[in-house]
Protein chains: 2
Amino acid sequence: MGITKTEIFTDQQNQVSTFAKAFGHPARVAILQHLFKINACICGDLVEEIGLAQPTISQHLKELKTLGLIKGNIEGTSICYCIHTENWTKMKAVMLQFLDQDISKENCC
Amino acid sequence: MGITKTEIFTDQQNQVSTFAKAFGHPARVAILQHLFKINACICGDLVEEIGLAQPTISQHLKELKTLGLIKGNIEGTSICYCIHTENWTKMKAVMLQFLDQDISKENCC
DNA sequence: TATATTTATTGCAATATTACGATTAAAGAA
DNA sequence: TTCTTTAATCGTAATATTGCAATAAATATA
């Protein structure tokens with residue numbers, strides 16, 4: 001069946017997994033790191049920087065944009081992509097809540 | 001062609017994406033949260049708790065185990081799964097390094 | 001207008017993931 | 001040994017993801 005049963009999970013669990021899925025490909029990790037590093041970017045740069053074909057990069061950018069983690073401003077014939085700082089902060093809060101769970105000392109194993 | 005080109009990315013980028021992929025399904029998020037909550041678990045509990053079939057849960061557990069995020073001890077006919085706290089801490093360090101990138105104020109957009 | 005540049009979209013092939021029924025394996029109980 | 005319980009594995013169908021060539025769209029420039 002191959003289809004994730006999102007309806008049986010909480011909103012928080014679905015949120016965590018949606019963000020995590022976005023980070024679940026090294027190209028998207030690399031894109032985000034590059035955007036953080038140079039703090040402004042056009043797609044062409046990324047194609048050279050990352051080494052995947054232009055349509056592939058464009059597709060990854062679209063996913064990140066749909067999720068709201070990046071935004072793109074048109075600048076002439078190119079597009080200036082950058083981190084959506086507000087949404088990045090919100091995402092971080094969701095992920096940290098998940099990652100920072102308390103580990104009780106009395107562990108069974 | 002459906003195959004991720006891991007070889008063109010850094011170890012760190014591949015590490016982040018590998019961990020993120022594990023969290024990229026709500027069932028695995030739910031499993032981990034449940035393990036944190038009750039701090040010991042058998043697979044049967046999870047099947048009831050989460051509402052997916054036993055083979056499906058077993059498959060998700062296997063992925064988490066392979067990644068080293070959980071460990072399982074045999075206890076009679078059942079298996080006691082729990083968080084691998086050491087590895088969880090290591091994973092957290094990798095993820096935090098990625099999530100906590102500095103956002104410069106002079107953003108282009 | 002015609003041309004060049006840059007990014008998005010389409011279409012498709014290859015691979016990966018998700019889910020579960022059926023079965024197997026392992027260990028305790030009768 | 002046989003039965004029961006619990007979890008893993010196998011096999012398979014459905015769906016999702018990845019990657020790119022070809023093409024389209026949008027805008028700047030000659």
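Just so it is clear: chains get the letters A, B, ... in the order the sequence lines come, proteins before strands, and each one is counted from 1. Side chains are part of it too, since the values below use all heavy atoms of this structure and drop only hydrogens, waters and symmetry mates. Please read all numbers here as calculations on a predicted model, not as lab measurements.
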Which of these nucleotides, D:dT18, C:dT18, D:dT5, is closest to any side-chain atom of A:Glu63? D:dT18
Less than 4.5 Å apart, side chain to side chain, heavy atoms only: is that true for A:Arg28 and A:His25? yes
Rounded off to whole Å, could you give me the CD1-to-P distance for the B:Ile57 and C:dC20 pair? 9 Å
Give a yes/no answer on whether the side chain of A:Lys62 brings an N or O atom under 4.0 Å of OP1 or OP2 in C:dT10. no
Within the modelled atom types, does a donor on one side and an acceptor on the other bring the side chain of A:Gln54 and the base of D:dC20 under 3.5 Å apart? no
Looking only at side-chain N and O atoms, does B:Tyr81 come under 4.0 Å of OP1 or OP2 in D:dA8? yes
If you check every side-chain atom of B:Thr4, which of D:dC20, D:dT18, C:dT18 has the closest atom? D:dT18
Between A:Gln33 and B:Gln13, a side-chain donor and acceptor under 3.5 Å: yes
Can you tell me the distance, in whole Å, between the NZ atom of B:Lys71 and the P atom of D:dA7? 19 Å
Nearest to the side chain of A:Ser58, which nucleotide is it out of C:dA8, D:dG19, D:dC20? C:dA8
Any idea which of D:dT15, D:dG19, C:dA22 is nearest the B:Pro55 side chain? C:dA22
Which whole-number value in Å describes the distance from A:Leu67 CG to D:dT17 P? 11 Å
A:Leu64 atom CG is separated from D:dT17 atom C1', nearest whole Å, by 14 Å
Taking the side chain as C-beta and beyond, is there a heavy-atom pair between B:Phe23 and A:Leu99 under 4.5 Å? yes
Of all the choices, D:dA16, C:dT7, C:dC20, which nucleotide is nearest to the side chain of B:Gln59 once you look at every atom? C:dC20
If each of A:Lys65 and A:Lys21 is mapped to the nucleotide of DNA chain C with the nearest heavy atom, which maps nearer the 5' terminus, i.e. the 5' end? A:Lys65
Sub-3.5 Å donor-acceptor pair from the side chain of B:Gln97 to the main-chain atoms of B:Val94, do we have one? no
Heavy atoms from C-beta onward define the side chain here; which of D:dT17, C:dT5, C:dA19 lies closest to that of B:His25? C:dA19
Do the side chain of B:Thr18 and the main chain of B:Asn14 share a donor and acceptor less than 3.5 angstrom apart? yes
With a 4.0 Å cut-off on heavy atoms, is B:Ile42 in touch with a base, just the backbone sugar-phosphate, or nothing at all? sugar-phosphate
When the distance from NZ of B:Lys5 to P of C:dA16 is rounded to whole Å, what number comes out? 14 Å
Hey, is the side chain of B:His60 poking within less than 4.0 Å of OP1 or OP2 on C:dA19, counting only N and O atoms? yes
Take atom CD of B:Glu75 and atom C1' of D:dA8, then tell me their distance rounded to the nearest Å. 18 Å
Begin with the C-alpha distance, continue with both residues' side-chain angles, and end with the deciding distance and a verdict on ring-ring contact (aromatic ring centres under 6.0 Å, His included) for B:Trp88 and B:Phe36. CA-CA 11 Å; B:Trp88 184 267; B:Phe36 270 114; 4.9 Å; yes
For a quick check of understanding: with a heavy-atom distance under 4.0 Å over all strands, which category does B:Ile74 fall into, base, sugar-phosphate or nothing? nothing
In whole angstroms, how far is the P atom of D:dT18 from the CG atom of A:Leu61? 13 Å
Nearest-nucleotide check on DNA chain D, B:Ile79 vs A:Gly24; residue mapping nearer the 5' end is B:Ile79
Where the side chain of A:Ile3 is concerned, which of D:dA16, C:dA16, C:dC20 is the nearest nucleotide? D:dA16
Which is true for B:Leu52 with a 4.0 Å heavy-atom rule: it touches a base, it touches only sugar-phosphate, or it touches nothing? sugar-phosphate
Is B:Ser78 touching bases, backbone alone, or none of the nucleic acid, heavy atoms closer than 4.0 Å? sugar-phosphate
Please report, rounded to the nearest Å, how far the P atom of D:dG19 is from the CG atom of A:Leu46. 14 Å
Just N and O in the side chain of A:Thr56: are any of them under 4.0 Å from OP1 or OP2 of D:dC20? yes
